[in-house]
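First the proteins, then the strands, lettered A, B, ... as listed; each starts at 1.
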Amino acid sequence: MTDLIQEIEQQEYIINMGPQHPSTHGVLRLVLSLKGEIVKNVEPHCGYIHRGIEKMCEKLTYQQIIHLTDRLDYLSAHINNAAVCLLVEKALGIEVPERVKYIRTIIDELTRIASHQLWWCSFGMDLGGLTCFFYGLRDREHILDIFEETTGGRLIQSYYTPGGLMKDIHPNFQKRVKDFIKYFRKILPEYDQLLTGNVIMQARSKGIGKLSLEDAISFGATGPSGRGSGFACDVRKLHPYHLYDKVNFKEILYQEGDTFARYKVRMDEMWESMSIIEQLIDNIPEGDFTAKMKPIIKLPEGEYYQRVEAARGEFGVYILSKGDKYPYRVKFRSPNFSNLSILNTIVPGQKIADLVAIGGSLDYVIPDIDR
Amino acid sequence: MDLNIYDFTSFTKWIDTSLHEMMSPFWVTACEMTIIGVAILAFYAVVGLYLVYAERKICGFMQNRVGPNRVGPFGFFQTIADLIKLLIKELVIIKNADKFLFNIAPFIIIITSFLAIAAIPFAKGLHAMDFNIGVLYVMAVSSMGVIGILLAGWSSNNKYSLIGAMRSGAQIVSYELSVGLSLITMVILAGSMQLSAIVDGQAHGWFIFKGHIPAFIAFIIFIIAGTAETNRGPFDLAEAESELTAGFHTEYSGIKFAFFFLAEYMNMFIIASIAATVFWGGWQPLWISGWDSFNHVMAWIPPFIWYISKTAVVIFIMMWFKWTFPRLRIDQLLTLEWKYLLPINLFNVLLMAFIVLKGWHF
Amino acid sequence: MNNEELKQTILSILPSAVFEENTQFLTIQIPADQIHDFAKKIKESETISFDYLFCLTGIDYGDSLGVIYHLRSTKYRHEIVVKIKTSDRETPAVDTVCDIYKTAEFHEREIFDLFGIKFNHHPDLRRILLDESWEGHPLRKDYIDEVNIVER
Amino acid sequence: MGVKIKSMKDADFKDNETLELFKETDGNIFTTTIDNILNWGRSNSVWPLTFATSCCGIEMMAAGAARHDFARFGIEVYRASPRQADVIVVAGTITNKMAPVLKRLYDQMSEPKYVIAMGSCAISGGPFFYNSYSVIKGVDHLIPVDVYVPGCPPRPESLLYGVMQLQRKIKAESFLKKQFKKNVTTNE
């Protein structure tokens with residue numbers, strides 16, 4: 001009898017989370033070994049939305065690649081596009097007009113806020129607070145309205161082109177952005193009231209899913225996930241692009257490394273993004289919205305690497321060009337792919353509910369993992 | 001207080017005697033049971049459907065939306081459309097499931113929630129059955145629902161369902177204690193377990209005012225534990241949509257799923273009506289000593305309205321919980337019960353007994 | 001530390017390193033069999049301490065396959081690119097660095113999946129993005145799939 | 001069924017007489033009335049499955065959120081379990097690895113079930129049609145699609161319109177006849 005009990009104790013209860021599961025934020029599949037409620041081991045299986053974008057890019061011109069980087073991390077689409085545009089501009093030695101830099105910085109930060117809003121919705125929903133979902137998406141619509149007026153699209157706009165922008169901003173742009181900042185400064189404390197200060201939320205996130213600084217560096221966990229562990233990895237500070245060397249902003253760092261720290265990093269980043277926008281929105285200089293570009297872009301032979309700070313971390317593009325109008329090899333260093341690999345380090349020993357909370361705090365976008 | 005105009009006792013007596021004139025006692029019993037059964041069934045269906053509708057509208061209100069508004073005026077027939085849809089949906093037969101238990105589980109859940117209604121007094125004399133141990137009966141019956149949940153989770157042959165069922169088992173067994181003890185506190189004050197007697201005792205002041213501090217503590221605990229017992233957010237661990245897809249009823253489709261769905265709302269209704277009955281005076285109007293004309297106006301409002309509106313307020317509070325709080329984790333849930341609610345509750349029982357002994361209540 | 005000093009330090013660690021000219025980062029070519037030792041040394045070295053592998057790229061050069069490591073020091077904030085080439089296309093194999101940089105575990109699985117480069121001593125070398133039953137390695141230049149690919 | 005949804009005018013949507021004209025006229029009054037009631041219930045309660053693979057999923061979420069509010073049409077209850085869902089909105093690209101999973105999800109749903117292909121990826125492969133080695137060129141290769149909602153990604157309004165088209169399609173169906181036919185075939 002005792003043998004039998006021991007044998008049963010040894011056995012693991014294996015469940016499949018995903019590919020269709022409400023809390024994996026897409027088609028990620030996690031194979032969990034459980035012991036009661038406690039997760040013993042978690043094995044991520046990705047690739048359910050692997051679309052072969054890197055291969056497709058080898059048959060596309062540089063202007064066309066923009067349309068695929070949109071669809072990698074669709075929540076920070078503009079920022080991903082900026083990486084490719086900056087790379088091409090750097091390779092060709094083009095200096096974009098000052099106006100473009102201003103607009104790009106503002107739109108990047110708006111994208112970051114929109115992305116963090118959506119993260120906040122889904123994080124709240126993962127914890128079981130369904131109302132968060134509606135609050136976050138309600139405010140996100142305001143940003144999408146601004147985008148829609150200027151770019152014509154809601155989610156995927158392909159607004160940046162190598163050398164500048166697709167078209168100039170809408171005359172209302174500045175006014176609407178200012179209105180939004182005013183509105184959102186009032187609304188953001190509501191988020192804190194609803195979720196941040198909640199006892200249940202704090203009990204469920206503090207001390208859960210601790211990621212040490214060494215692990216964060218070794219796993220290459222960047223973005224808010226890394227900065228929650230004290231890893232100073234903000235590309236905007238380390239390798240400033242656009243106008244980030246001219247504006248004042250803090251790099252948000254928390255040392256705890258738990259779910260709550262990652263949560264706080266994102267909440268604080270929204271404030272920082274707003275302050276960045278406020279510094280720029282009144283000073284957009286007049287000028288062209290694009291530099292003079294040839295219709296066919298041929299990068300000089302060589303290797304190029306450009307990184308930007310996407311909403312989820314460091315997004316890098318590596319391009320090897322052989323002098324053609326098509327790149328020879330394109331590699332996207334997607335932040336989520338590295339962030340995913342920390343899962344098996346921080347989850348074991350926690351409960352299923354914690355796994356969901358940790359997953360929410362790492363903020364996956366599955367097409368970005370799978371490319 | 002002149003409540004005789006709303007007294008249903010004579011009405012039920014009249015039905016009873018006129019039936020006795022017509023047929024033999026056996027048939028009278030059969031006939032009365034049928035009438036009561038049909039009445040409660042109709043009540044059950046209407047309340048269940050409109051609670052679902054109310055929940056949708058309330059959650060819409062809390063989330064800056066409108067909620068259903070296309071089917072009928074203000075979407076009033078939305079849940080009826082849902083019911084029709086669920087009625088004709090295919091019942092999926094699960095391979096390797098324990099067929100007998102799988103099929104019987106939704107019925108257990110819906111029957112237990114059905115049984116509990118029998119003991120609740122809707123107005124004076126409007127009572128399916130007036131047990132002298134009414135409080136005990138309601139508690140016993142409503143906690144039987146967990147058997148249905150456990151069976152559903154076990155027999156589905158689905159791992160998520162099993163986890164959901166086990167969570168639900170642990171949760172309901174724990175919180176049953178708090179529900180029971182907080183009711184016992186009120187039984188000490190009322191001096192009776194008969195629900196009609198408890199209501200009668202509140203003709204001159206509801207127990208929540210009469211029993212002041214301990215009654216208030218008991219009410220808070222009852223609401224928390226009651227929410228947990230109905231598996232509603234923030235204690236909806238058995239379903240936990242973001243963790244276990246749909247928890248114990250993952251594999252159920254069509255009308256069997258509707259049973260679970262409906263039973264959840266009915267359990268909420270039962271918990272709310274017990275709270276209204278035991279703490280807020282059931283169908284008794286608001287009575288404030290000295291304000292005679294005010295009391296008279298209050299007494300003119302029919303008791304059924306009083307009862308329904310009190311229940312509605314409690315239900316609204318429970319819905320408010322669900323749409324505000326994030327979900328607890330299973331260990332935090334049990335900690336809350338065993339380390340906080342239970343000791344406070346035990347102390348509260350003592351306090352209430354002491355107050356009743358000393359006669360310090362109003 | 002500027003690039004010139006970095007060059008000297010690296011040459012003292014690995015004299016056989018070949019430096020490339022006119023590149024964005026300091027780029028070195030090293031023999032494929034030395035990558036594990038080299039990575040361990042530059043990570044543990046107090047003076048350069050490359051502790052953050054931010055990009056790991058597989059590449060098909062035509063005649064051979066290659067792996068590119070983008071490394072960075074979080075302490076000194078300097079960067080380096082290390083390139084290795086495999087000797088052939090049929091049985092490409094290099095040593096893993098995933099015991100040094102944990103992020104390499106997933107990235108190496110991806111390269112194995114898409115390029116077919118085998119990483120010796122990797123703890124769990126399986127396909128990560130494609131099915132287990134997938135044939136071929138799609139990011140190689142000679143990959144042909146007439147069923148799925150619609151050429152343009 | 002000789003019903004063409006496209007040929008219906010927008011105004012006919014609420015008009016049950018026109019719907020009846022579209023039905024085959026061999027049914028008697030009794031079954032038609034019951035059918036109308038059933039179809040009213042079914043079309044007003046279309047519960048989607050929470051299933052999203054990529055970008056379109058965000059627009060689906062936006063459609064359910066405060067501004068667009070799916071719930072108005074009775075599409076509120078997003079069910080996470082396929083057993084309880086009526087419609088699967090294929091929002092996003094389906095790859096070769098995902099295809100068996102999608103097929104299985106569709107099989108797990110209980111009858112009557114519907115499919116909405118949302119976005120150009122689900123319709124035809126969209127931007128990933130050319131040169132991609134792993135994308136399924138249209139979800140209709142796998143499961144029968146009822147409504148196509150074009151766009152990349154479609155706006156929430158488009159999705160709402162798509163669901164309304166699905167509701168029209170349901171209204172033009174004859175549930176009883178379908179059941180009867182099914183029984184006949186199984187008896188043989």
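- You'll find the ring centres of B/Phe248 and B/Phe260 inside the 6.0 Å limit.
- When each of D/Ser43, D/Ala85, D/Ser110 is scored by its heavy-atom pairs under 4.5 Å with chain B, the top score falls to D/Ser110.
- Only the side chain of B/Leu86 has a heavy atom closer than 4.5 Å to any heavy atom of chain D.
- For D/Arg67, no part lies near chain B; criterion is any non-hydrogen pair under 4.5 Å.
- Heavy-atom distances place no part of B/Tyr160 under 4.5 Å from chain D, backbone and side chain included.
- Panel note: side chain D/Ser132, backbone D/Phe129; no donor-acceptor pair is recorded below 3.5 Å.
- At least one donor-acceptor pair under 3.5 Å links the side chain of B/Gln78 to the backbone N or O of D/Asn44.
- Side-chain polar atoms of B/Tyr265 and B/Ser113 form no donor-acceptor pair below 3.5 angstrom.
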